[in-house]
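Worksheet: one structure, shown below.
Both backbone and side-chain heavy atoms feed into the values below; hydrogens, waters and symmetry mates do not.
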Amino acid sequence: MAKGGQTLKDPASPRMQAAWKLKDSGDVVAARREAERILADNPTPEDKAQAEELLRRSSTAPALYGFAILAAVLLVLLVVLAATRY
């Protein structure tokens, strides 16, 4: 299996090849849209598996949201402490 940023060796169809090229070039939003369109069009099993893999690889890790919330809470806490001190 390919590593996180690499295209699979054999994209199943030209549409999947285009989606992987978009992802590899850095246009993750367009790649995700193309993968979602492929899934909506009743794809072959290979296209379905690859589209789901592309969506999985390009999604945001859930832990990142936790760290963002923690950082926001700490920032608010520091502002409140600074405001009460002065």
Those residues at least two apart in sequence (or on a different chain) that pass side-chain hydrogen bond (donor to acceptor under 3.5 Å, both in side chains) with N42 are none
Of the options Q50, K21, E53, K48, which is the one that meets M16 in a side-chain contact (heavy atoms from CB on, under 4.5 Å)?
Q50
Residues two or more places apart in sequence or in another chain: which of them pass salt bridge (charged side-chain N to carboxylate O under 4.0 Å, His left out) with R15?
E34, D41
My understanding is that a hydrophobic cluster links ILVMFWY residues whose side chain heavy atoms are under 4.5 Å apart, including indirect links. Using that, what else belongs to the cluster containing V80?
V76
Indicate every side-chain donor-acceptor pair of residues 59-72 with a distance under 3.5 Å to a residue at least two apart or in another chain.
{"residue": "S59", "atom": "OG", "partner": "R56", "partner atom": "O", "Å": "3.0"}

When every non-hydrogen atom of A31 is compared with those of A19, the smallest separation belongs to CB-O, 3.4 Å
Sequence neighbours left out, what passes salt bridge (charged side-chain N to carboxylate O under 4.0 Å, His left out) with R33? Give chain and number order.
none
What residues, two or more places apart in sequence or in another chain, satisfy side-chain contact (heavy atoms from CB on, under 4.5 Å) together with A35?
A51, L54, L55
